[in-house]
Amino acid sequence: MKVTVGVSGGIAAYKAAELVRALQQQALDVHVVMTAAAQQFVTPLTFASLTGHRVITGLWNADGETPNANSAIEHIAEAQDTKALIIAPATADILARLACGLAGDFLTTMALATPSPLLLAPAMNVQMWSHPATQANLATLRERGARIIAPESGYLACGMIGDGRLAPIEDIVRETMQVLHRRNDFADETVLVTAGGTREPLDPVRYLGNRSSGKMGYALAQAVQERGARVILISAPTHLQPPHGCEFVPVITAQEMRRAVLERLPGATLVIKAAAVSDFRPKTCAEQKIKRDTPLTLELEPTDDILGEVVRQRRPGTLVVGFAAETEQPLEHARGKLHRKGADAIVLNDVARPEIGFDSDRNAVTFLTGTTAIDLPEMPKRALADRILDETLALRRTRQIVAELENVPDHMLR
Ligand code: CTP
């Protein structure tokens, strides 16, 4: 299977050679396209030697002037038969050009012309990475369906420490393989996903909330939509952009989330409850802002357990996956939740681990069912979303087989 690695001009360009080798180890036929700036860091000869293919370095002939009749359409041919375009490293400049739809060189032209998935592994200086222009370009590209493989934090070539280092090669390979194997395996499903942290108002300006960013829930919504499902995303407030094309239902409180979920439950074939729902709410919400000199004791009352109600009210066959964010004895607590709430599976999140804690772009979880506990190691949340979906599908298949066996007459089993 043919894939194309696009190399743009940053110091991490040398790591693209390692990426090419790692992709070849997955039995992929790797072709390379380089921007002019990339050629200042690494020579095309490096990639030609590794791949055994001519490296495409520009839209025009080497003399830079005479257009070649073949090269004029090469980007279309190249774009049509590659199965994925992976740009690594993707500089701030190429992200900006892609976000604007510019097509001034071979790589950007090909990115516009290809119907295949686009994966972007950015690498740059920490300030360039966090600049609002770069972040806005990333948001645009993400919304259009590009898969962003977020850079990691560490020492950068510029001497600074922070986000901006090219993601580990194995992450880029894993995401590429997932994209290539992406099937339409959720095509017949309507999936209800809850995300974000609910807010319970105390007065017109204050609320009881939690530290959930919503990233895991949004990643799941996007992943399952890409795998063919119709998605309803019911979300408490976050700073995230809902995936394009899903039915988006914004809510604020646990009570609003409960209503929105139960209303839409009859049409759902799978419910994923990634939201961090407040367990308590203030018994009363003050009409005016509570003043500093008011003697204050907060009286709280419990909220309804939405997950428990979903399990009780679901149609037969609707699968329910809950989440458990735990800080101590994670397995015991998550198992208790699985049984108490009656969910088909619980995704256990150990939030005591700082490297994968709240608001992180990476996570590691355990997918717990009544009979299994599958550890899904640390990886980007978008990749993890696909792994959680794979396990969910495997669980559905197991349930179907068990149900079919239960219908087989005894004499046929003997
Ligand atoms: N949940 C829910 N409704 C609530 C509280 C939680 O639907 N009122 C769901 C969450 O969306 C999650 C799962 O239940 O999928 C577990 O949430 P968690 O807060 O970990 O569990 P609790 O039952 O609240 O238990 P505890 O806070 O005691 O750990």
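In listed order, ligands and their atoms are each counted from 1.
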Before you tell me yes or no, could you show the steps for Arg211 and Asp359 under salt bridge (charged side-chain N to carboxylate O under 4.0 Å, His left out), namely the whole-Å CA-CA distance, both residues' side-chain angles and the distance that decides it to 0.1 Å?
CA-CA 8 Å; Arg211 291 176 58 196; Asp359 209 29; over 6 Å; no
Indicate yes or no: does Lys337 engage Glu326 in a salt bridge with an N to O separation below 4.0 Å.
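Answer for the salt bridge query: yes.
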First-shell residues of ligand 1 [heavy atom, distance under 4.0 Å]:
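Ligand 1 is contacted, at a heavy-atom distance under 4.0 Å, by Lys273, Ala275, Val277, Ser278, Asp279, Thr303, Asp304, Asp305, Ile306, Leu307, Gly322, Phe323, Ala324, Ala325, Lys337, Lys341.
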Check each of Ile56, Val7, Thr43, Val5 against Met34 using the side-chain contact (heavy atoms from CB on, under 4.5 Å) test, and report the only one that passes.
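For Met34, the side-chain contact (heavy atoms from CB on, under 4.5 Å) test succeeds with only one of Ile56, Val7, Thr43, Val5, which is Val7.
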Member of Asp386, Leu384, Asn363 meeting the side-chain contact (heavy atoms from CB on, under 4.5 Å) criterion with Met379
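Answer to the side-chain contact (heavy atoms from CB on, under 4.5 Å) test with Met379 among Asp386, Leu384, Asn363: Leu384.
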Can you tell me how the ring of Phe248 sits relative to the ring of Tyr218, calling it parallel under 30°, perpendicular over 60° and tilted otherwise?
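Answer is perpendicular, since the angle exceeds 60°.
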Partners passing ring pair (Phe, Tyr, Trp, His ring centres under 6.0 Å) against His333 (at least two apart in sequence or in another chain)
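Ring pair (Phe, Tyr, Trp, His ring centres under 6.0 Å) check on His333 returns nothing, list empty.
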